[in-house]
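Structure, as C-alpha cells:
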Amino acid sequence: MENAEQQKLRIMITDDSRLLRKKLREELERLNCEVIEAVNGKEAITFVLEHELDGIILDIVMPVVGGIAALQVIREVAPDVPVVMLSSMGTPQKLMQCLKMGAIDFINKPYTREQIIHTVERLKRLRTKRQEKVKAIVEGNV
C-alpha cells in the first residue's frame, strides 16, 4: 500500500471561471494531484457529499451558491475537509469571515505557483494528521 506521501491528493477546485479551473487543474496535476472541478457552490456541496476529498479550493464570488454559503454547508457536512478560499483582491472582510468560519487559508487571484505549492504541501500534512488520528482511533490508542 502507498504511504500518505505517495498517494495523490484529491482536490476540488470550485470556481465559475473555466479558464481559472483549467490553469489551476494543470498546476495541481503537475504536483501529482487528482482534481475534481465544480462550477459553483451548489455543485461543490454535491461533490463533497459524493467524494472523499483531501482539500477544496473555493472561490468566494460565484453564481447560484457563492463560496461563503458553500463553506458554511461544507463545514457542517464535512468538517474535516480543509478549505482554502480563492478571491480577487479587495475582499478582506469576506476573507476574514471565511477564516472565522473554518477555512484554513486564502489565495488571492491572480495566484502564484508558489502559493499553489504551499497549499498542496499544507494539504498533504493535514491529510497525514487526519490519517494518523483515524489509525489511532481504530487501534484504540485514543
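Numbers here are sequence positions counted from 1. Because only heavy atoms are used, hydrogens play no part in the values below, and waters and symmetry mates are left out as well, while side chains stay in.
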Quiz: residues 11-19 side-chain donor-acceptor pairs under 3.5 angstrom, not counting sequence neighbours:
residue: Asp15; atom: OD1; partner: Ser17; partner atom: N; Å: 2.8
residue: Asp15; atom: OD2; partner: Lys109; partner atom: NZ; Å: 3.0
residue: Ser17; atom: OG; partner: Leu20; partner atom: N; Å: 3.0

Salt bridge (Lys or Arg N to Asp or Glu O under 4.0 Å) between Arg127 and Asp54, worked out: CA-CA 6 Å; Arg127 177 178 64 185; Asp54 295 308; 3.3 Å; yes
Stepwise side-chain contact (heavy atoms from CB on, under 4.5 Å) test for Arg113 and Leu31: CA-CA 10 Å; Arg113 185 166 203 278; Leu31 296 169; 4.3 Å; yes
Treat each ILVMFWY residue as a node, draw an edge where side-chain heavy atoms are under 4.5 Å apart, and state whether Val81 and Ile57 are in one component. no
Tell me which pairs pass ring-ring contact (aromatic ring centres under 6.0 Å, His included) where either residue lies in residues 47-85, with sequence neighbours left out. Phe47-His51
Determine, using the 4.5 Å side-chain heavy-atom cutoff (strictly less than), whether Val48 and Leu58 are members of one ILVMFWY cluster. yes
In short, side-chain hydrogen bond (donor to acceptor under 3.5 Å, both in side chains) pairs touching residues 69-78 with sequence neighbours left out are none
OG1/Thr119 to CD/Gln115 distance, rounded to the nearest 0.5 angstrom? 7.0 Å
Find out if a path of hydrophobic residues (ILVMFWY) with successive side-chain heavy-atom gaps under 4.5 Å connects Ile36 to Leu123. no
Return a table of donor-acceptor pairs under 3.5 angstrom between the side chains of residues 97-106 and protein atoms on other chains or two or more places apart.
none

Passes side-chain contact (heavy atoms from CB on, under 4.5 Å), Arg130 versus Lys133? Steps please. CA-CA 5 Å; Arg130 286 194 318 273; Lys133 184 177 172 184; 5.6 Å; no
Under a 4.5 Å side-chain heavy-atom rule over Ile, Leu, Val, Met, Phe, Trp and Tyr, are Ile116 and Met85 clustered together? no
For residues 53-76, pull every pair meeting ring-ring contact (aromatic ring centres under 6.0 Å, His included), keeping only residues two or more places apart or in separate chains. none
Non-hydrogen atoms of Ala44 and Ala38 that approach each other most closely: N-CB, 3.7 Å
Salt bridge (charged side-chain N to carboxylate O under 4.0 Å, His left out) partners for Lys23, two or more places apart: none
Measure the spacing between CG of Leu28 and CZ of Arg10 and express it to the nearest 0.5 Å. 14.0 Å
Heavy-atom distance under 4.5 Å between the side chains of Arg30 and Glu26, does that happen here? yes
Taken to the nearest 0.5 Å, the spacing of Ser88 OG from Asp59 CG works out to 6.5 Å
Does any pair with a residue in residues 35-49 pass side-chain hydrogen bond (donor to acceptor under 3.5 Å, both in side chains), and if so which ones, sequence neighbours excluded? Arg21-Glu37, Arg25-Glu37
Can you pull the ring-ring contact (aromatic ring centres under 6.0 Å, His included) pairs that have at least one residue in residues 111-135, sequence neighbours excluded? none
For the CD atom on Glu52, are there more than 12 heavy atoms of other groups (residues, nucleotides or ligands in this structure) within a distance under 6.0 Å? no
Shared hydrophobic cluster, Val35 / Ile56 (ILVMFWY, side-chain heavy atoms < 4.5 Å): no
Go through the structure and list residues passing salt bridge (charged side-chain N to carboxylate O under 4.0 Å, His left out) with Glu132, not counting sequence neighbours. none
